[in-house]
Amino acid sequence: MRNFNTLLLKKWNALIGVILALLGFATACDDKESPVEYGVPHATFIVNGNVKDEASSENIKNIRVVLNTDTTYTDESGNYQVSYSDFPEDQSYTIEFEDTDGTDNGDYEALDLTVEFKDSEYSGGSGWYSGETEQELNVTLKTKE
């Protein structure tokens with residue numbers, strides 16, 4: 001009797017294995033109309049602008065601009081662009097402006113500003129990527145006294 005039960009269980013296991021294998025192959029078909037996507041919805045938030053001296057209104061080069069993990073420096077014309085990828089909803093970021101080269105181009109006070117993206121329109125997205133949205137933030141820095 002014991003050998004009969006063991007033989008029956010082995011046959012049931014084999015039958016279940018075959019059924020699961022067939023189901024696996026059947027569901028693994030490539031459906032061209034609705035590809036499976038894995039990921040998290042995200043968008044790129046871009047902030048660009050210009051940095052000027054408050055007193056003279058001249059462009060300031062080599063100012064460090066930080067937005068979360070993106071860091072850049074202003075170019076010869078005082079222009080910058082930083083970006084960050086995040087969930088595509090209303091977002092608020094702190095941007096830091098800091099003069100790191102000492103007195104080479106003047107000595108300026110650091111400045112932290114908040115930029116808000118509300119009801120943003122995104123462009124160039126597909127799938128989980130909603131696209132990008134952009135804001136301009138022009139800044140004037142005070143000289144240190």
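All figures in this text were calculated on a predicted structure; none of them were measured in a lab.
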Pair Leu141, Asp99 - check side chain to side chain contact (heavy atoms under 4.5 Å, CB included), show working.
CA-CA 9 Å; Leu141 297 180; Asp99 185 5; 5.7 Å; no
For residues 114-124, pull every pair meeting side-chain hydrogen bond (donor to acceptor under 3.5 Å, both in side chains), keeping only residues two or more places apart or in separate chains.
none
With no hydrogens and no angle check, is any side-chain donor or acceptor of [X] less than 3.5 Å from a backbone partner on [Y]?
X      : Y     : result
Ser130 : Ala43 : no
Asp70  : Tyr84 : no
Ser83  : Phe45 : no

ring-ring contact (aromatic ring centres under 6.0 Å, His included) partners of residues 60-83, not counting sequence neighbours, each pair once:
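Pairs touching residues 60-83 that pass the test: Tyr80-Phe97.
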If two hydrophobic side chains count as joined below 4.5 Å and joins carry through other members, does [X] share a cluster with [Y]?
X     : Y      : value
Ile46 : Val115 : no
Val66 : Ile63  : no
Leu8  : Ile19  : yes

Got Val47 and Tyr93 here, is their nearest side-chain heavy-atom distance under 4.5 Å?
no
Report the distance from atom OG1 of Thr74 to atom CD1 of Ile60, rounding to the nearest 0.5 Å.
7.5 Å
Could you tell me the separation between the OH atom of Tyr108 and the CG atom of Asp101, rounded to the nearest 0.5 Å?
9.5 Å
All side-chain hydrogen bond (donor to acceptor under 3.5 Å, both in side chains) counterparts of Asp107, not counting sequence neighbours:
none
Closest heavy-atom pair and its distance - Val82, Leu67:
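In terms of heavy atoms, the two residues are closest at CG2-CB, 3.6 Å.
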Classify the ring geometry between Tyr129 and His42 as parallel (under 30°), tilted (30 to 60°) or perpendicular (over 60°).
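Tilted.
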All pairs passing salt bridge (charged side-chain N to carboxylate O under 4.0 Å, His left out) where residues 38-59 contributes a residue, at least two apart:
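Residue pairs passing salt bridge (charged side-chain N to carboxylate O under 4.0 Å, His left out), neighbours aside: none found.
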Going by salt bridge (charged side-chain N to carboxylate O under 4.0 Å, His left out), name the pairs with one or both residues in residues 75-86, residues two or more places apart or in two chains.
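Output for this query lists Lys61-Glu76.
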Those residues that, when tested against Phe87, pass ring-ring contact (aromatic ring centres under 6.0 Å, His included) (two or more places apart)
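So Phe87 forms no ring-ring contact (aromatic ring centres under 6.0 Å, His included) with any residue.
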Side chain to side chain contact (heavy atoms under 4.5 Å, CB included) between Thr72 and Gln81: does it pass, once the steps are laid out?
CA-CA 7 Å; Thr72 191; Gln81 179 173 320; 6.0 Å; no
